[in-house]
> 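I have a structure I would like to understand better, so I am pasting it below and will then ask my questions one at a time.
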Amino acid sequence: MSEAGTDTPLGSDWDPDAYGRFRDLRLRPALDLLARIPELPERGKIIDLGCGNGAVAEALNHRYPKRKIVGVDNSEAMLKRAAATGAYHRCDLADIAAWEPNKPPAMIFSNAALHWLPDHAALLPRLGRSLREGGVLAVQMPAQHGAPSHRILRELAQEMFPDRFDFTGWEPPVAPAVDYARMLAPLGRIDIWSTEYLQQLAPTPEAHPVRRFTESTAMRPFLQHLGDTEAQVFIARYETALEKVYPVQADGRVLFPFRRLFLVLALGG
């Protein structure tokens, strides 16, 4: 559904086209997560929680061709694209923070979605306990919030618009890996790791490539609180800052390190 942000997105719906510009870079972590999933129980659906535009649908369907796969998301625009893939048994419009399955599923798979939600200490164990015995909770979340691409957004917003943005006492939405290990260990066998991908972003028209990457995700909560003129000034200052920390290489590309956290819980394992 998304990349790293500050809070759950509000207001305008997600833009599937903008989000899909970097499809391959966003899909690779999902495939890496999928490769580490253990054997599932014989019965039960697979839930793609925060399925977005259905980017992982084909891979899930290929890995589990005999399973019913249900996509769940809170964006109508994204769900419309997800349904068009034909890989889902159905697509449900729902608030993923409050979502609960009707029957215990075999797996809840969530790629780049749960970092938008608060209180992981309650959320993740609740999702784990909703699985059938032997079921799997598989989660990938961007852990990029301390990187310049995301830190600069917070710093500029608070400096330029202190009446609307205050990050005093701010804590990153994705906790250290050890915290997730402690909260999930009582439920079963866990596998937790992090990876930093060195993304090579190609030149993009009239924009720094990192800004293009973040504009459909991390920038959304900021831009939704700004008028058009304010947004233009904010973007211009963001671009200037990005040019210093993510310089353009001789071939026009930009090297953009991006860290992600992965966890796989096998219930009762």
> Do Asn61 and Tyr88 have side chains that approach each other closer than 4.5 Å (heavy atoms only, starting at C-beta)?
no
> Hydrophobic cluster membership, with links at side-chain heavy-atom distances under 4.5 Å among I/L/V/M/F/W/Y: are Leu255 and Tyr197 in one?
no
> Consider only side-chain heavy atoms of I, L, V, M, F, W and Y, link residues closer than 4.5 Å, and tell whether Ile235 and Val233 are in one cluster.
yes
> Mind telling me whether Phe258 and His150 have parallel, tilted or perpendicular rings, with 30° and 60° as the class edges?
perpendicular
> Can you list everything that forms a side chain to side chain donor-acceptor pair (under 3.5 Å) with Thr168? Sequence neighbours excluded, please.
Asp166
> Should Leu33 and Leu31 count as side-chain neighbours, where that means a heavy-atom distance under 4.5 Å?
no
> When hydrophobic residues are tied together by side-chain contacts of less than 4.5 Å, even through go-betweens, does Leu79 share a cluster with Ile108?
no
> Just to verify, what does Arg211 make a salt bridge (charged side-chain N to carboxylate O under 4.0 Å, His left out) with, not counting sequence neighbours?
Glu215, Glu239
> Run the ring-ring contact (aromatic ring centres under 6.0 Å, His included) test against Tyr246 and tell me which residues pass, sequence neighbours left out.
Phe256
> By salt bridge (charged side-chain N to carboxylate O under 4.0 Å, His left out), which residues pair with Arg43, not counting sequence neighbours?
none
> Taking the side chain as everything from C-beta on, heavy atoms only, tell me whether Val139 gets closer than 4.5 Å to Tyr180.
no
> Kindly check if the number of other-residue, nucleotide or ligand heavy atoms within 6.0 Å of CG (Asp119) is above 12?
yes
> Within a strict 4.5 Å, meaning less than it, do heavy atoms of the Phe234 and Leu153 side chains meet?
yes
> Dump the intermediate steps for salt bridge (charged side-chain N to carboxylate O under 4.0 Å, His left out) on Arg151 and Glu155, then the final yes or no.
CA-CA 6 Å; Arg151 187 185 69 246; Glu155 293 173 350; 3.3 Å; yes
> In the single-linkage hydrophobic clustering (I, L, V, M, F, W, Y; side-chain heavy atoms under 4.5 Å), do Val245 and Val254 co-cluster?
yes
> Output all residues satisfying salt bridge (charged side-chain N to carboxylate O under 4.0 Å, His left out) with Arg253, sequence neighbours left out; order by chain, then residue number.
none
> Partners of Arg129 by salt bridge (charged side-chain N to carboxylate O under 4.0 Å, His left out), sequence neighbours excluded?
none
> In terms of side-chain heavy atoms, does Ser194 have a donor or acceptor partner in Arg259 at a distance below 3.5 Å?
yes
> Report yes if some heavy atom in the side chain of Leu263 is under 4.5 Å from a heavy atom in the side chain of Trp193; otherwise report no.
no
> May I have the step-by-step check of salt bridge (charged side-chain N to carboxylate O under 4.0 Å, His left out) for Glu230 and Arg164, ending in yes or no?
CA-CA 12 Å; Glu230 293 173 325; Arg164 277 165 278 182; 2.8 Å; yes
> Tell me whether the count of non-hydrogen atoms from other residues, nucleotides or ligands lying under 6.0 Å of CG in Asp228 goes above 12.
no
> Between Phe161 and Phe222 (judged by ring centroids, cut-off 6.0 Å), do the two rings come close enough to count as a pair?
no
> Do the rings of Trp170 and Phe167 sit parallel, tilted or perpendicular, given the 30° and 60° boundaries?
perpendicular
